[in-house]
Amino acid sequence: MSDPTSPRFPLTSKRVWVAGHRGMVGGAIVRQLEHRDVTVITASRQECDLRDAAAVDAFMTANKPDAVVIAAAKVGGILANDTYPVDFLQDNLLIQTNLMKAAFAADVEKLLFLGSSCIYPKFADQPITEDSLLTGPLEPTNEWYAIAKIAGIKLAQAYMKQYGCRYISAMPTNLYGPGDNFDLTSSHVIPALMRKAHMAKVAGAPGFEVWGSGTPRREFLHVDDLARGCIFLLEHYEGFEHVNLGSGEDLPIKDLAFEIARVVGCGTALTFDTTKPDGTPRKLMSGDKVAALGWRPEISLADGLASTYAWFLQNADALPERTTEMAR
Ligand code: GFB
C-alpha cells in the first residue's frame, strides 16, 4: 500500500512560478519555497503584466515551469472592493484566465489557484463547508471580487474535467502578516487597525476609530500558515473541489480592535464609524477537509499580531501608499 503522507506531486527539483510574488501571499510562498530544493520563478510587472495574455504566454513559454501558483490578484479591503468593482472583477478574470490558458499550452504539470472566503453566500451556515459554494446570494460589498474568484475555481475545474489537468484551488480566510497593505483606505481590517493603533500611541491619543459597528465576526490566518497550507496542497491534493484554509476560530471586530490595542500598547477608547460598511456578519470556514488531509495551522492570533506589529515597526517608513494592491 502506498504511504498516504508521501506527496503525489513532490516539489523536489521542480520549477515553480509564483505569480504575484510581490504581494503578501506570493512573498510568503516564495519564503517557504526558498527552504526547499525548488527553482522559484518570479516575474516583475515590467517583465510580465499578468493582464496581458501575450505577455503571460511568452513568459510561460520562456521559463517552462513545472508548477504555477496563482497568488496574483487585485485585492483590497471592504471599501476598496466596494469602490472599484471593475478592477476587482475584470483584472482578476484576466489574470487567472491568462495564467491557466498559458499553463495549459505550456504543459504545466500542476497549478494552484487561490480564491477567498468571500466566494461563499452572505448567510451561509457556519462553519462554512466547501459545498456551500453557489447555494445563496453573495455579500454585495465584495460580489465583484467573489464572482471573479468563483470563475477561477470553475475554470480550474473545467481544465480538470475537460483535459484531466491537475489544477486545484484553495480558499484562504482573511489573511494578515508581513508584507500586508497598511494603507488606511484600501487595506483589510488588521493592517488598518494596527496602523491606527500605532498612530494613536505615537500621538498619545486615548484610542482609535473602528469602521462599522464592531459586531461582524471574522476568522484570521497568518500568511506564513497560509503559505505552508498552499505548499501542502500543491504536493498532496489532486481533488476536484476547492479546499478551505483557515484558522478555525473567529472573533468580533471589536474584540480584534482591543487585542490590537494590547499588542501595540495604545489606549482602548474606541469610536465606531457606522457610516462605513460592516460587510458579511460572519464567515467562519470549516477546516475539516484540510485537517483530514493532514494539515493544520500553527500560528496563534496573539503571536501573529505581535510579529506583524514588529514587522510594521521595522518597515513603516518604507511602506507605500496604495489604493488597491496588485498581487494579493
Ligand atoms: O478586512 P475587511 O476590509 O474585509 O473588513 P471583509 C472586515 C471587517 O472589519 C468589516 C471592519 O466589518 C469592516 O467594517 N473594519 C473595522 C475595518 N475597522 C476597519 C478598518 O479600519 N479597515 C477595514 N478595512 N475594515 C474582504 C473582502 O471583506 O475580505 C475581500 O472585501 C476579501 O473581497 C477579504 O474577500 C478577505 O472581511 O469585510
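We count ligands from 1, going down the list as the structure has it; atoms in each ligand are counted the same way. Computed from a predicted model, the values in this text were never measured in an experiment.
- The shell of residues lying under 4.0 angstrom from ligand 1, judged by heavy atoms, excludes Glu209.
- Not a single salt bridge (charged side-chain N to carboxylate O under 4.0 Å, His left out) links Arg8 to another residue, sequence neighbours left out.
- Close approach of ligand 1 to Ala192 (heavy-atom distance below 4.0 Å) involves ligand atoms 20 (C), 21 (O), 22 (N).
- Under 4.0 Å from ligand 1, the heavy atoms of Lys196 that appear belong solely to its side chain.
- With sequence neighbours excluded, the residues satisfying salt bridge (charged side-chain N to carboxylate O under 4.0 Å, His left out) with Asp273 are Lys276.
- Of all atoms in ligand 1, listed by their number and element, those nearer than 4.0 Å to a heavy atom of Pro277 are 13 (C), 14 (O).
- Note on ring orientation: taking the six-membered ring where Trp is involved, the planes of Phe104 and Tyr159 are tilted (angle from 30° to 60°).
- With hydrogens and angles disregarded, no donor-acceptor distance shorter than 3.5 Å links the side chain of His188 to the backbone of Asn174.
- Using a 4.0 Å heavy-atom cutoff, Ser213 is absent from the residues neighbouring ligand 1.
- Asn81 contributes a side-chain N or O that, together with a main-chain N or O of Gly77, makes up a donor-acceptor pair within less than 3.5 Å.
- Residue-to-ligand polar distances keep Tyr145 apart from ligand 1: every N/O pair is separated by 3.5 Å or more.
- Of all the atoms in ligand 1, the ones that sit under 4.0 Å from a non-hydrogen atom of Pro216 are 12 (O).
- Heavy-atom proximity to atom 20 (C) of ligand 1, evaluated over Tyr176, Trp211, Phe208, is greatest for Trp211.
- Under the 4.5 Å side-chain heavy-atom criterion for grouping Ile, Leu, Val, Met, Phe, Trp and Tyr, Phe272 is not connected to Ile78 through any hydrophobic cluster.
- Annotation for ligand 1: atoms under 4.0 Å from non-hydrogen atoms of Leu193 are 18 (N), 21 (O).
- Interface atoms of ligand 1 facing Gly77, defined by a heavy-atom separation under 4.0 Å, are 3 (O), 31 (O).
- Distances shorter than 4.0 angstrom occur between a heavy atom of Arg218 and an atom of ligand 1.
- Contact annotation: for Asn81 versus ligand 1, heavy atoms closer than 4.0 Å belong to the side chain alone.
- Compare Asp183, Asp278, Ile78, Val210 by their heavy atoms: the one nearest to atom 12 (O) of ligand 1 is in Asp278.
- In the vicinity of Ile253, heavy-atom distances shorter than 4.0 Å reach the ligand 1 atoms 8 (C), 9 (O), 16 (C).
- Lys149 does not count as a contact of ligand 1, since none of its heavy atoms falls under 4.0 Å from the ligand.
- Counting heavy-atom neighbours within 6.0 Å of Asp125 CG, excluding the residue itself, gives a total of 12 or less.
- The aromatic rings of Phe182 and Phe312 sit tilted relative to each other, their planes meeting at an angle between 30° and 60°.
- Taking the six-membered ring where the residue is Trp, the centroids of His242 and Phe113 are separated by 6.0 Å or more.
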